[in-house]
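Worksheet: the structure to be examined is printed underneath.
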Number of protein chains: 2
Amino acid sequence: MRLDDLDRRIVAQLLEHGRASYAQVGDRVGLSAPAVKRRVDRLRADGVITGFAAVVDPAALGWTTEAFIEIFCTGATSPEEIYSSIRKHPEVVAAYTISGDASALVHVRVRDIQHLEQALERLRREDNITATKTAIVLSRLIGRPTDAPSP
Amino acid sequence: MRLDDLDRRIVAQLLEHGRASYAQVGDRVGLSAPAVKRRVDRLRADGVITGFAAVVDPAALGWTTEAFIEIFCTGATSPEEIYSSIRKHPEVVAAYTISGDASALVHVRVRDIQHLEQALERLRREDNITATKTAIVLSRLIGRPTDAPSP
DNA sequence: GATGAAACGTAGCAGAC
DNA sequence: GTCTGCTACGTTTCATC
């Protein structure tokens, strides 16, 4: 499937203003409200837009600390095994298998350093995980505060 | 300011369904639509909810590759200097100053490996940046596809 | 302080063009 | 893609606890 320029501008609008009315989006991109709705419906059906979400300040919910943890696994641990080892930890907001020394990179969000320590201990207790290497986030330079799990 | 349990449930609902009507949210949390609206207005005014956004599949927009780049800077480069060095690169979707060896961790999203190479070259051309260490994302285990810049 | 019910204006939606 | 009408939602006002 192909996106034309109008589609991209609609997506850009909805990335900024996810609750904007179709008429508002239409004003910005030069279409009528029903036309925008049709295109948004198509974008959702095609999986370009997978949903809508509130953007929440994690600090306001009491999650003030975040960290990136490199995870080292035994031998040839499959992505599925890594996934099942980390999915149960609610502090994990994102995780990726990556090239390089580490098996995976895990982004966690925690209340404070004590909470981070607990989460790390829990992670290291997983069978597959042999070692971790943690980098605590000192400040966010770019990127919206991502959505947080509820404390 | 303090959030009660109702506030947290409303936030959780809006994180999942950012375009849900107040009545729908109210049904799930046990409030009427006006009551939900008042609380959402307050949550927005207090900065707990900073906005709403579409959740977009970057792959559908042609951004199929992502990577994490550790950035090493000269001496005591301030976060502000790092910020001004990376903000102009549209491939950067997130960036953090972190503890450990590297000065910053930068999350980039690119069309393909060739595009990644170009972005890396551009980054390394920055005055402050002395070295980079890149880990290409092989697969996303956890975490929504984050919002992408328009290609 | 908070909520729920009723009002009005507006947006969403389906059909016809 | 636009225009039209019906339905549902967002929003304010007011009474209530």
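Keep in mind that what you see is a predicted model, and the values were worked out from it rather than measured. Chain letters run A, B, ... following the sequence lines, proteins first and then strands; every chain starts at 1.
- Protein atom CZ of A:Arg39 is 10 Å distant from nucleotide atom P of D:dT2, rounded to whole Å.
- Separating the CD atom of B:Gln24 from the C1' atom of D:dA8 is a distance of 11 Å, rounded to the nearest angstrom.
- Heavy atoms of B:Ser32 sit under 4.0 angstrom from at least one base atom.
- Computed from coordinates, the B:Leu31 CG to D:dC17 C1' distance equals 15 Å when rounded to whole Å.
- Side-chain contact between A:Val108 and A:Val92: present, with at least one pair of heavy atoms (C-beta onward) separated by less than 4.5 Å.
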Could you write out DNA chain D as a dot-bracket string, with dots for unpaired bases, | for bases paired across to another strand, and Watson-Crick or G-U pairs counted at under 3.5 Å? ||||||||||.||||||

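- Between B:Arg42 and A:Ala20, the residue whose closest nucleotide on DNA chain C is further toward the 5' end is B:Arg42.
- Counting only heavy atoms from C-beta outward, the side chains of B:Cys73 and B:Ile82 approach each other to under 4.5 Å.
- Side chains of A:Ile86 and A:Leu123 form a contact here, defined as non-hydrogen atoms less than 4.5 Å apart.
- Geometrically, B:Arg140 does not engage A:Tyr96 in a cation-pi contact defined by less than 6.0 Å to the ring centre and at most 45° from the axis.
- At a threshold of 4.0 angstrom between heavy atoms, the contacts of A:Arg19 are confined to the sugar-phosphate backbone, with no base atom among them.
- OP1 and OP2 of D:dC9 both lie 4.0 Å or more from every side-chain N or O belonging to B:Tyr22.
- Exactly one of B:Glu66, B:Arg109, B:Arg122 qualifies for a side chain to side chain contact (heavy atoms under 4.5 Å, CB included) with B:Glu91. That residue is B:Arg122.
- Between B:Asp27 atom CG and D:dC9 atom P the separation is 10 Å, expressed in whole Å.
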Mind running side-chain hydrogen bond (donor to acceptor under 3.5 Å, both in side chains) on A:Asn128 and A:Ser85 for me, showing each step along the way? CA-CA 7 Å; A:Asn128 298 321; A:Ser85 292; 2.9 Å; yes

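- Residues A:Leu61 and A:Val56 meet the side-chain proximity criterion, which asks for heavy atoms closer than 4.5 Å.
- Within the structure, side chain to side chain donor-acceptor pair (under 3.5 Å) contacts touching residues 20-29 of chain B (residues at least two apart or in different chains) are B:Ser21-B:Gln24.
- Among B:Arg39, B:Arg38, B:Lys37, the single residue meeting the salt bridge (charged side-chain N to carboxylate O under 4.0 Å, His left out) criterion with B:Asp41 is B:Lys37.
- When rounded to the nearest whole Å, the span between CG of A:Asp4 and P of D:dG1 equals 8 Å.
- Read 5' to 3', the first and last nucleotides of DNA chain C with an atom closer than 4.0 Å to a heavy atom of chain A are C:dA11 to C:dC13.
- Remark: P of D:dT12 and CZ of B:Arg38 are 11 Å apart, rounded to the nearest angstrom.
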